[in-house]
Amino acid sequence: MWVHLVYELVEVIVSIYAFQVSNIDVKQETPVDHGEITCFSIYCGPEANFGNGKSCIWVDVLDGGGKSLLVEFAPFFEDPSIKKVWHNYSFDRHVIENYGIKVSGFHADTMHLARLWDSSRRTKGGYSLEALTGDLAVCGDKNMVGKVSMKNIFGRRKLKKDGSEGKIITIPPVEELQREERKPWICYSALDAMSTLKLYENLKSKLSGREWKLDGSTKGRMIDFYEKYWRPFGEILVEMEAEGMLVDRAYLAEIEKVAQAEQQVAANRFRRWASKYCPDAKYMNVGSDAQLRQLFFGGAQNSKDPNESLPDERDFKIPNVEKVIEEGKKTATKFRTIRLHRLLCDTRIDPEIYTASGWPSASGDALKTLAGKISAEFSFTDESDSLQTDANVGNLPETKLPGVEVGAVSECTKSAYGTAYAPFGGGEKGKEACHAIAALCEMCSIDSLLSNFILPLQGSHISGKNGRIHCSLNINTETGRLSARRPNLQNQPALEKDRYKIRQAFIAAPGNSLIVADYGQLELRILAHLANCKSMLDAFEAGGDFHSRTAMNMYPHIRKAVDQKLVLLEWHPQPGEEKPPVPLLKDAFASERRKAKMLNFSIAYGKTPVGLARDWKVSVKEAKETVDLWYNERHEVRKWQEERKKEAQKDSCVHTLLGRVRHFPSMKNVTPYQKGHIERAAINTPVQGSAADVAMCAMIEISKNARLKELGWRLLLQVHDEVILEGPTESGEEAKAIVVDCMSKPFDGKNILQVDLSVDAKCAQNWYSAK
DNA sequence: CTTGTTAGCGCC
DNA sequence: AAAGGGCGCTAACAAG
């Protein structure tokens with residue numbers, strides 16, 4: 001009876017839900033196929049009267065009727081004409097869909113509204129309902145009761161063993177609260193719905209008060225931006241999460257074995273070598289940076305505080321796998337202690353890299369410096385072997401061109417062995433040390449692949465019933481990019497780093513294929529457009545290898561070589577041709593092109609000559625000269641960047657292509673370092689944020705394309721400038737062409753940029769082979 | 001035994 | 001003094 005009441009009333013008023021969910025660990029699990037609803041509430045403003053003057057409905061799903069009661073509400077959830085506002089729509093929708101209810105009528109997500117209003121609340125309390133409703137800058141409503149956290153209402157101090165209250169505050173399970181603290185619990189969860197609607201009204205009015213400017217002219221208000229872009233985008237993201245990616249678990253189990261075996265070999269190789277200098281190193285945790293720091297740099301001074309030094313030797317606890325019974329103990333304990341001292345007693349290795357806290361770094365980079373550019377392969381038993389390995393070290397020589405001076409000094413004159421070579425005595429000893437440390441590096445990188453990717457991808461908590469992985473896709477970055485969580489599918493190893501071909505585990509279902517489509521140099525194209533830079537626009541217009549063209553524009557001697565046809569900018573082999581008639585620029589001037597490429601990527605991020613000098617191991621003056629060469633042909637970029645810095649200083653904000661705003665703290669009263677950070681963010685955000693705008697528009701185009709839908713193609717994932725879809729193999733080619741078209745003309749079927757948007761797309765059975 | 005923090009590293 | 005933008009995740013460690 002009262003279900004009908006709601007149904008009729010809410011057609012006119014926006015309504016709100018807040019769900020309490022059990023049987024799910026929110027921090028670990030995906031809500032897709034996990035989690036059960038214990039209760040929910042509906043609020044549609046103070047005017048509604050559900051009887052006895054009550055304006056809010058609270059529904060007990062736990063003891064009040066369970067699934068059958070929830071299903072009574074299905075028509076209500078599924079009615080698109082009932083406009084619904086949520087706080088974190090994604091979670092609630094997945095949980096409702098676990099009951100087979102298809103939610104419709106998505107009107108707004110207050111988390112996204114808040115993010116659109118102010119994208120930098122991370123340091124101001126974040127975007128929880130509690131933080132937002134409690135913030136007067138967001139909800140200036142004095143009559144409003146903000147959300148109060150569960151911890152404050154229901155938190156109980158954990159009792160210590162002696163019966164007194166401890167410091168740890170625990171919250172009982174929601175089922176227990178609902179049954180045993182019924183009244184406050186109903187108030188609490190009903191308030192969620194009321195807070196959400198209040199928050200919606202506040203944010204809507206704020207966004208209505210802010211002008212939306214696109215390309216310099218007024219398009220409306222920012223709430224219009226939300227409705228045009230982020231509302232449909234929010235819905236698309238939830239659908240993508242629900243789809244999920246199919247993962248080949250058998251394949252992952254296979255590469256896990258291989259990786260573990262290779263890791264053991266590398267780790268033991270290092271341990272065996274290290275134990276020659278420090279016996280306990282045989283049992284060390286080679287993955288612990290503290291232990292490594294002790295072995296290499298024991299006794300070293302802190303670079304920031306000369307009064308602090310690492311101890312000469314230090315004890316570490318390790319799992320007692322050998323079941324050693326230590327002195328004074330009766331049985332083998334779970335852990336035992338080993339003592340590590342500096343490997344070299346008489347010699348010290350000068351640390352080149354320090355951590356932020358001033359201690360010598362034992363990071364991968366630092367270890368690579370110690371080892372040098374060599375392989376981990378080394379025969380520790382038969383030293384005659386080493387000569388063969390020796391022949392392989394060093395860089396490949398660059399193609400030399402007669403009559404043309406090759407710019408940089410070739411690095412192959414330097415020794416390929418790292419800084420550990422000399423301290424360990426040079427010669428065979430030095431080589432042995434470098435190879436052992438190289439093995440350590442390899443062990444670390446395998447470990448990182450295993451623990452970050454291969455193992456978690458096989459976990460059951462992140463996959464649904466159908467074996468697919470459902471990450472959550474969030475609009476929660478300061479620039480407007482997406483982020484992915486549980487698991488983060490946006491940082492899967494790519495290309496040459498993917499030594500176990502992890503991406504091969506992301507597959508299409510039988511009968512299906514994946515389409516992987518990505519933009520070529522999206523951010524650089526955006527920069528060319530925003531800065532209106534002629535040289536860059538011309539280079540994109542001409543097409544071909546952008547970095548080679550940059551190198552040519554930077555260095556007159558390269559331009560001369562190109563003009564005289566001594567080198568080719570790029571080469572498209574004709575049938576029958578095997579190699580180009582003259583060398584390619586990227587081979588003949590590899591080091592210049594490398595620098596040009598690095599500058600192309602770094603300058604948009606605001607990298608300074610100081611940073612480049614460090615990377616390139618040249619003087620700051622020299623780095624600055626190279627940077628100037630880059631800007632020489634691209635003075636519009638410099639001017640545009642200066643304008644952005646001024647804008648950040650004057651208005652405390654910058655804008656993206658579609659008119660989203662990122663605010664910065666006032667530049668008064670900030671340290672020079674903070675000022676630098678703001679300035680770099682100010683020149684980066686319009687580029688990164690506009691690229692995010694483009695990618696979002698492309699996804700909206702793809703998602704609303706009727707033909708793609710008809711053919712059965714669905715978006716699965718976005719990785720900033722790349723999208724992945726899955727659909728029937730037989731329509732792969734047709735779908736691919738549509739996707740490319742959507743991405744090239746992402747603004748309502750048009751491209752409003754001054755540059756073309758180049759798109760590369762492939763159809764394949766797995767993610768790896770689509771690259 | 002839990003929690004938070006740091007360093008490090010994967011992606012674009 | 002700090003000198004590359006934006007993320008999320010992990011192990012190890014430190015602290016409660």
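Residue numbers begin at 1 in each chain, while the letters A, B, ... track the order of the sequences.
- Nucleic acid contact class of A:G611 (heavy atoms, under 4.0 Å, all strands): sugar-phosphate only.
- For the pair A:K646 and A:E643, the salt-bridge criterion is not met [side-chain N within less than 4.0 Å of a carboxylate O].
- Each end of the helix from B:dC1-C:dG16 to B:dC12-C:dG5 gets its own axis, taken as the rotation carrying the C1' atoms of four end pairs onto the next four within a five-pair window, and the two axes meet at 10° to the nearest 10 degrees.
- Between the CG atom of A:L292 and the P atom of C:dA12 there is a distance of 11 Å, given to the nearest Å.
- A salt bridge links A:R481 with A:E523: at least one charged nitrogen is closer than 4.0 Å to a carboxylate oxygen.
- Of the side-chain N and O atoms in A:R481, none sit less than 4.0 angstrom from OP1 or OP2 of C:dG6.
- In this structure, A:S602 reaches the bases: a heavy-atom distance under 4.0 Å links it to at least one base atom across the strands shown.
- For A:R468, the salt bridge (charged side-chain N to carboxylate O under 4.0 Å, His left out) partners two or more places apart in sequence, or in a different chain, are A:E726.
- Between B:dG8 and C:dA3, the distance separating the two P atoms is 14 Å to the nearest Å.
- Between A:R486 and the phosphate of C:dC9, there is no side-chain N or O to OP1/OP2 separation shorter than 4.0 Å.
- Both A:A681 and A:Q674 sit near DNA chain C, but only A:Q674 has its closest nucleotide nearer the 5' end.
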Original post:
For A:H547 and A:F601, what are the C-alpha separation, side-chain angles and deciding distance, and is it a ring-ring contact (aromatic ring centres under 6.0 Å, His included)?
Top reply: CA-CA 10 Å; A:H547 304 303; A:F601 286 124; 5.3 Å; yes
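- To the nearest angstrom, C1' of C:dA3 lies 15 Å from CD1 of A:I678.
- The existence of a salt bridge linking A:R638 and A:D628 is confirmed by a sub-4.0 Å separation between a basic side-chain nitrogen and an acidic carboxylate oxygen.
- Ring geometry for A:F270 versus A:F296: interplanar angle of 30 to 60°, hence tilted.
- Here A:T479 does not reach the OP1 or OP2 of C:dC7: none of its side-chain N or O atoms lies under 4.0 Å away.
- Taking only side-chain nitrogens and oxygens, A:R293 never comes nearer than 4.0 Å to OP1 or OP2 of C:dA12.
- No side-chain heavy atom of A:R662 sits under 4.5 Å from any side-chain heavy atom of A:T656.
- Set against C:dG8, C:dA2, C:dG6, the side chain of A:P672 has C:dA2 as its closest nucleotide.
- Side-chain nitrogen and oxygen atoms of A:N491 include none within less than 4.0 Å of the OP1 or OP2 phosphate oxygen of B:dC12.
- Heavy atoms of A:Q492 sit under 4.0 angstrom from primed sugar atoms or phosphate atoms, though from no base atom.
- For C:dG8, one of the phosphate oxygens OP1 or OP2 lies less than 4.0 angstrom from a side-chain nitrogen or oxygen of A:N476.
- Rounded to an integer number of Å, the gap from A:R680 CZ to C:dA2 P is 12 Å.
- Between A:L527 and A:R634, every side-chain heavy-atom pair lies at or beyond the 4.5 Å cut-off.
- The pair A:E647-A:R644 meets the salt-bridge criterion, with a side-chain N (NZ, NE, NH1 or NH2) lying under 4.0 Å from an Asp/Glu carboxylate O.
- Taking atom CZ on A:F601 and atom P on B:dC12, their separation rounds to 10 Å, with Å as the unit.
- Here A:K497 reaches the OP1 or OP2 of B:dG10: one of its side-chain N or O atoms lies under 4.0 Å away.
- Whole-Å rounding puts the A:I526 CD1 to B:dC12 P distance at 18 Å.
- The side chain of A:Y673 has C:dA3 as its nearest neighbour among B:dC12, C:dG8, C:dA3.
- Between A:E496 atom CD and B:dC11 atom P there is a gap of 8 Å when expressed in whole angstrom units.
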**OP:** Apply side chain to side chain donor-acceptor pair (under 3.5 Å) to the pair A:S120 and A:D118, showing each step before the final yes or no.
**Re:** CA-CA 6 Å; A:S120 48; A:D118 177 5; 3.1 Å; yes
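- Using a 4.0 Å heavy-atom distance criterion, A:S361 is classed as a sugar-phosphate-only contact.
- The interatomic distance linking A:R662 (CZ) with C:dC7 (C1') rounds to 12 Å, in whole Å.
- Contacts between residues 447-456 of chain A and DNA chain C, defined by a heavy-atom separation under 4.0 Å, are made by A:S451, A:N452, A:P456.
- For A:N488 against C:dG8, no side-chain N or O and base N or O form a donor-acceptor pair under 3.5 Å.
- Of the candidates A:I475, A:N476, A:N88, A:H112 forms a side chain to side chain contact (heavy atoms under 4.5 Å, CB included) with just one, namely A:I475.
- For C:dG5, one of the phosphate oxygens OP1 or OP2 lies less than 4.0 angstrom from a side-chain nitrogen or oxygen of A:H677.
- Between B:dC12, C:dG8, C:dA3, one nucleotide has an atom nearer to the side chain of A:V610 than all others, and that is C:dA3.
- Among the atoms of the strands shown, only primed sugar atoms or phosphate atoms (P, OP1, OP2) are found under 4.0 Å from some heavy atom of A:A484.
- Contact annotation: side chain of A:E478 to base of C:dG6, donor-acceptor pair absent below 3.5 Å.
- For A:H341 against A:L295, the heavy-atom pair with the smallest separation is O-CD2, 3.6 Å.
- The distance between atom OH of A:Y605 and atom C1' of C:dC7, rounded to the nearest whole Å, is 12 Å.
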